[in-house]
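Below: one structure, written as structure tokens.
Nothing here was measured: the structure is a model prediction, and the numbers come from that model. Residue numbering restarts at 1 for every chain, and letters A, B, ... go by the order of the sequence lines.
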2 protein chains.
Amino acid sequence: MRLTTKGRYAVTAMVDLALNSTGGRIALAEIAARHDISQSYLEQLFAALRRSGLVDGTRGPGGGYQLGRAGAEISVADVIDAVDESVDATRCGGKRNCRGDQGCLTHDLWESLSSQIRQFLSSVSLETVVKQHRAGTAPQVLHKWLKTVVSPLNSGVL
Amino acid sequence: MRLTTKGRYAVTAMVDLALNSTGGRIALAEIAARHDISQSYLEQLFAALRRSGLVDGTRGPGGGYQLGRAGAEISVADVIDAVDESVDATRCGGKRNCRGDQGCLTHDLWESLSSQIRQFLSSVSLETVVKQHRAGTAPQVLHKWLKTVVSPLNSGVL
DNA sequence: TAATTCTTGACTAAATTACTGGGGAAATGA
DNA sequence: TCATTTCCCCAGTAATTTAGTCAAGAATTA
């Protein structure tokens with residue numbers, strides 16, 4: 001799970017789509033203009049999103065993109081995965097023998113951490129983000145929530 | 001908050017330091033060999049870690065690096081921030097006028113999401129990672145924990 | 001048919017990552 | 001003092017990724 005500006009572009013565009021989708025379709029040119037992103041670059045990202053079934057494109061006048069399924073069914077992790085191509089990143093290709101015993105031990109550590117992040121992002125849907133935005137106060141709620149949730153982690157429960 | 005392989009190198013090295021630190025110092029060459037990373041590259045990362053006070057280097061024979069403070073006091077987010085130089089990433093430099101009204105609205109969305117990830121990573125200390133690794137079963141515990149915690153998010157509480 | 005919009009592919013510039021190499025400076029031990 | 005070990009700092013560079021351009025074409029609507 002990587003978290004780059006590329007993924008951010010994709011998430012932004014998808015949230016835009018979720019935010020402005022009142023049943024109709026939205027042209028890429030619109031999204032590109034709204035966020036001042038190169039349209040051709042967005043096209044590349046949407047090609048990947050399309051291949052993953054996250055969006056649905058229709059051509060011709062009045063055409064555009066739609067969410068491939070309900071916003072509640074699309075997680076932020078889905079979007080990031082679609083454009084990021086997860087480049088293996090393990091350096092030893094999953095084999096547990098990169099260097100001595102301990103080499104891949106720390107691999108495991110990283111992957112465990114990384115999978116926690118993934119699970120977290122998988123739990124946040126586009127709808128959640130939209131709702132959170134509309135609510136306004138939500139970030140504080142989340143902040144509180146995280147605080148209560150996170151303390152057992154550092155207090156030696158594990 | 002970006003999450004690249006660069007940050008992963010740094011976290012791996014720091015966890016190695018936390019794992020093998022029995023009071024003494026550890027030479028960079030050791031860490032480099034253990035994880036098969038270019039030593040000079042690690043030197044660059046450690047220069048950044050040093051500037052942030054996360055590690056403490058001593059020269060001469062028997063020298064090496066030490067954690068700058070207790071492993072419980074160093075979060076994964078600290079490590080990533082130290083090497084990542086957080087390149088602004090807002091594209092409009094904080095100003096709320098990049099394009100019309102809605103441009104920076106979605107900015108807010110992203111930044112809120114990004115800050116949630118940051119808070120999550122801030123809650124995980126090196127000690128936590130080490131403990132989790134030693135426990136072995138911990139990842140499953142975490143998985144369960146996340147599941148109970150995450151459901152209110154998607155069930156319309158917000 | 002003409003306009004619109006997605007779709008695809010090739011190509012390029014800029015930035016970042018990962019790495020190399022060299023020349024020190026401080027500490028230690030002989 | 002001198003050699004060795006280690007951090008420390010800087011300059012450069014190849015590979016990769018990001019971000020963007022350009023052009024041709026397919027499907028749809030009016």
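Atoms CG and CG, from Asp81(A) and Leu54(A) in turn, are 9.5 Å apart once rounded to the nearest 0.5 Å. To the nearest 0.5 Å, atom CG of residue Leu17(B) and atom CG of residue Leu126(B) are 9.0 Å apart. Between the CD1 atom in Ile26(B) and the CG atom in Asn20(B) there is a gap of 4.5 Å [rounded to 0.5 Å]. Put simply, CD1 on Ile37(B) and CG on Leu45(B) are 8.0 Å apart, with the number rounded to the nearest 0.5 Å. Summarising the geometry, atom CE belonging to Met14(A) is positioned 4.0 Å from atom CD1 belonging to Ile74(A); distances are rounded to the nearest 0.5 Å.
Both Gly57(B) and Gln39(A) lie close to DNA chain D; mapped to their nearest nucleotides by heavy-atom distance, the more 5′-ward contact belongs to Gly57(B).
Straight-line distance from the CG atom of Leu45(B) to the C1' atom of dC9(D): 15 Å, rounded to whole Å. As a whole-Å value, the separation of His35(A) NE2 from dG20(D) P is 14 Å. Summarising the geometry, the separation between CD1 on Ile37(B) and C1' on dA18(C) is reported as 11 Å, rounded to the nearest angstrom. Remark: P of dC19(C) and NZ of Lys6(B) are 12 Å apart, rounded to the nearest angstrom. Residue Arg50(B) contributes atom CZ, which lies 18 Å from atom P of dT6(D) at whole-angstrom precision. At whole-Å resolution of the value, OH in Tyr9(B) and P in dT16(D) are 12 Å apart. The CG-P distance, from Asp56(A) to dA27(D), rounds to 16 Å in whole Å. In this structure, the OH atom of Tyr65(A) is 6 Å from the P atom of dC6(C), given to the nearest Å.
Residue pairs meeting the ring-ring contact (aromatic ring centres under 6.0 Å, His included) criterion with at least one member in residues 44-69 of chain B, sequence neighbours excluded: Phe46(B)-Tyr65(B). Residue pairs meeting the side-chain hydrogen bond (donor to acceptor under 3.5 Å, both in side chains) criterion with at least one member in residues 48-59 of chain A, sequence neighbours excluded, are Arg25(A)-Thr58(A). Residue pairs that meet the ring-ring contact (aromatic ring centres under 6.0 Å, His included) test with at least one member in residues 12-31 of chain B, sequence neighbours left out, do not exist here.
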Checklist entry - Which letters describe nucleotides 22-30 of chain C, given B = protein heavy atom under 4.0 Å from base, S = only from sugar-phosphate, - = neither? => result --BBSBB--
Which protein N or O atoms sit under 3.5 Å from an N or O of nucleotides 10-14 of chain C?
none

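At the phosphate of dG20(D), neither OP1 nor OP2 sits under 4.0 Å from any side-chain N or O atom of Tyr41(A). OP1 or OP2 of dT18(D) has at least one side-chain nitrogen or oxygen of Thr4(A) nearer than 4.0 Å. Within the structure, a side-chain polar atom (N or O) of Ser38(B) is placed less than 4.0 Å from OP1 or OP2 of dT20(C).
Across its full length, the helix from dT1(C)-dA30(D) to dA30(C)-dT1(D) shows an angle of 10° between the axes of its 5 terminal pairs at either end, rounded to 10 degrees.
A donor-acceptor pair under 3.5 Å is absent between the side-chain atoms of Thr5(A) and the main chain of Arg8(A), judged by distance alone. Distance alone, capped at 3.5 Å, places no donor-acceptor pair between the Thr128(A) side chain and the Val124(A) backbone.
In this structure, Phe46(A) reaches neither bases nor backbone, as no heavy-atom distance under 4.0 Å exists between it and the strands shown.
Every salt bridge (Lys or Arg N to Asp or Glu O under 4.0 Å) that Glu30(B) has, sequence neighbours left out, goes to Arg34(B). For Arg69(A), the side chain to side chain donor-acceptor pair (under 3.5 Å) partners two or more places apart in sequence, or in a different chain, are Asp78(A).
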